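Note on naming: letters A, B, ... go to the chains in the order of the sequence lines (proteins, then strands), and numbering restarts at 1 for each one. Everything numeric here is computed off the predicted structure, so don't read it as measured data.
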Protein chains: 4
Amino acid sequence: MELGWSKLTLGDVATRAGVAKTTLYRRWAGKNELVVDAVAELFDELRLPDCGTLAADIEGVVLQFAAILARPEAKSGLMAVVAESVRDDALRERIRASIVDRQKRLVLEGRARAQARGELPPADPEETARTVDLIFDMVAGTVVHRTLVSARPADEVWVRGFTRLLLQGLTATT
Amino acid sequence: MELGWSKLTLGDVATRAGVAKTTLYRRWAGKNELVVDAVAELFDELRLPDCGTLAADIEGVVLQFAAILARPEAKSGLMAVVAESVRDDALRERIRASIVDRQKRLVLEGRARAQARGELPPADPEETARTVDLIFDMVAGTVVHRTLVSARPADEVWVRGFTRLLLQGLTATT
Amino acid sequence: MELGWSKLTLGDVATRAGVAKTTLYRRWAGKNELVVDAVAELFDELRLPDCGTLAADIEGVVLQFAAILARPEAKSGLMAVVAESVRDDALRERIRASIVDRQKRLVLEGRARAQARGELPPADPEETARTVDLIFDMVAGTVVHRTLVSARPADEVWVRGFTRLLLQGLTATT
Amino acid sequence: MELGWSKLTLGDVATRAGVAKTTLYRRWAGKNELVVDAVAELFDELRLPDCGTLAADIEGVVLQFAAILARPEAKSGLMAVVAESVRDDALRERIRASIVDRQKRLVLEGRARAQARGELPPADPEETARTVDLIFDMVAGTVVHRTLVSARPADEVWVRGFTRLLLQGLTATT
DNA sequence: TCGTAAACGAGACGGTACGTCGCGTCTTTAT
DNA sequence: ATAAAGACGCGACGTACCGTCTCGTTTACGA
């Protein structure tokens, strides 16, 4: 199930994987679950680079994110399950657990590293939680919207502008 | 066909609208086009309030946006067509024309009003275009992600936090 | 659905009939119902010939019956639904109504004609019912067993022997 | 695997027999063969009673036959394999050898006993063969049709009527 | 008593057919 | 002429069962 999510039919997936359709249904409860797992695996490739500054780190991970989203199987699968999840709470929970919450590690790591560097002030736990959620929604949402809805490349120039705007917001003395 | 998008089947839509399926196909080329138009109409309800400050204006419009996204027919329809558009360029263009670009008016208006108030410096046209796109991707993407993926309410508290972060980024002296 | 019941899959049936599988399911509740109707239609071809004597009439209709049973689509279909009906009361009722009871007309006609000719004595209604059922079970059961289980042809010689035995039983003065 | 043929799936059969599906396939070539053997075993229970007259003997064995056919596993299995055998010559041969020909012993025994008693005249071998086949087809076919298709009980009353008709045919002076 | 080989239990898998759902087309009927 | 009603072709879905296969475990028997 690694290549070619463009054809989103389970039969084709099975064929391409050299496996019987039945086998897929033995391992996953349905198409949605399968796709969530496959997409989750894709995003697990994300690594927070250590480039010396928070801005560079963010830019690096956002570029990776955009690169994954550029693959047809990733965007196809991701949007398909998100669209389904609108009317299926269990599915949305699964997405949250397998994809969203799982990748929040990147925000946490980046934040911790920036605090160690002194780029960000320490924060109390509660405020951290809120901010991490907000950052994640902003980064993920913005990049997805840029690449999938606006359909413009999240290239280095754009990423730099986005990161600057984001960081100015984050580091501003309130 | 304005209410009850929870059941997203064309037959039901037609029935509920007291109309024959045939009629829908006379007016729209297919399900996707129909949904795009319906969703576009929903977003046309958005109005940029004049609350005196840019922050308040943004908060106002974001809350309206979130309110629309809270309706099942809106999120259902929106995500369905966006998911389809991943593999259908014509559809994505239609979404851009009917929904995205159409609502960028809000960013432009807000920006102009803020400049008139002196809250934002004037900007040359090219930089404006880039910034408007960025702002739009950020606002729309973030709010969608918050409400549909993270599935948490974009309530006043959250909107205030989001707006503050956004504005600090926008108004910071680079 | 008129030709080639050897391949008993609904998909092939549909294809061969130049029709979509769905359409079959729109008209029949399932494979069994469809087959019952098809087989019933086959048996509706049966005609009681008027050959002058009861023996000849019986021989004629039994030969027709055997001829129908010789067609692959007939035996295939018939035995398939009968086998299913063992565990499906509704199906058995349908078979009874559409096939068995429907063809009892042949026995009734033959009997009436023989009585008109004086070959058989008149009988009271209740005894008639019992005898008709018995005759039908004997004729249908025996011919089916001969052709499908014993797998030997119900040719003229055999039919003559069978008919003689049957008629001797029927006409014997008790 | 002797009891409970109502659920005709091999998996369930295996489970119920406390045996692995694999084991069944080690002993039989497939489902059909297994069922043929099981059904054959059931019919081996048949015994020709010695009641003093041919009529009583026939009635006795027919009642036994009907009793076996009343068991769900018997009718289910029997009809299933017979239905299959329509398109599988090897299977039909197996049924003939294991079930049909094997039980013709009952007809032969009954006939011999009746001849010893003087109830039936001796017959030359060739005529015997033909008649035995005919009798068997008539008895087996009729009882099966009565119980499985007409779905009415082959009780004592019915059996008496059937036997009388049969015997009158058999004993009539040609 | 122990080691080895045959038989078995458990269950995953490839495959085929089933019956269902929804889209988009097309035909019929009535206004 | 237009629209409601609804049958139809199509393609995918998810399910059930068959028969094959590969394991790991038990059992039987001879050294």
Measure from [atom1] on [X] to [atom2] on [N] and round the result to the nearest Å.
X	N	atom1	atom2	answer
Glu84(B)	dG22(E)	CD	C1'	13 Å
Leu24(D)	dG11(E)	CG	P	16 Å
Glu33(A)	dC13(F)	CD	C1'	14 Å
Trp28(A)	dA12(E)	CH2	C1'	14 Å

Exercise for the section: Name all residues meeting the side-chain hydrogen bond (donor to acceptor under 3.5 Å, both in side chains) criterion together with Arg102(B); count only those two or more places apart in sequence or in a different chain, and write none if there are none. Expected result: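 With neighbours one apart ignored, the set is Asp44(B).
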side-chain hydrogen bond (donor to acceptor under 3.5 Å, both in side chains) filter on Ser150(A), not counting sequence neighbours, yields Asp137(B)
Where do N or O atoms of nucleotides 23-26 of chain E meet protein N or O atoms at under 3.5 Å, pair by pair?
from, atom 1, to, atom 2, distance (Å)
dC23(E), OP1, Leu8(B), O, 3.3
dC23(E), OP1, Leu10(B), N, 3.0
dC23(E), OP1, Lys31(B), NZ, 3.0
dC23(E), OP2, Leu10(B), N, 2.8
dG24(E), OP2, Tyr25(B), OH, 2.8
dG24(E), OP2, Lys31(B), N, 3.1
dG24(E), O5', Tyr25(B), OH, 3.3
dG24(E), N7, Lys21(B), NZ, 3.2
dG24(E), O6, Lys21(B), NZ, 2.8

### Message
A side-chain contact here means heavy atoms from C-beta on lying under 4.5 Å apart; do Leu8(C) and Arg87(D) qualify?
### Response
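The answer is yes; the side chains approach within 4.5 Å.
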Per-helix bend value, the helix from dT1(E)-dA31(F) to dT31(E)-dA1(F), C1' rotation axes over five pairs per end, 10° rounding, shows 10°
* Between Arg71(B) and Glu45(B), is there a side-chain N and carboxylate O pair less than 4.0 Å apart? ->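 Judged by the 4.0 Å cut-off on N to carboxylate O distance, Arg71(B) and Glu45(B) do form a salt bridge.
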Review point. Is the distance from OP1 or OP2 of dA12(E) to the nearest side-chain N or O of Arg27(A) less than 4.0 Å?
Key: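 So the side chain of Arg27(A) is outside the cut-off, no N or O lying under 4.0 Å from OP1 or OP2 of dA12(E).
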Quiz item: Any side-chain N or O of Thr23(D) under 4.0 Å from OP1/OP2 of dG9(E)?
Solution: yes
Protein and nucleotides 27-29 of chain F: nitrogen or oxygen contacts under 3.5 angstrom:
none

For nucleotides 29-31 of chain E, which of its nitrogen or oxygen atoms have a protein nitrogen or oxygen under 3.5 Å away, and what is each distance?
none

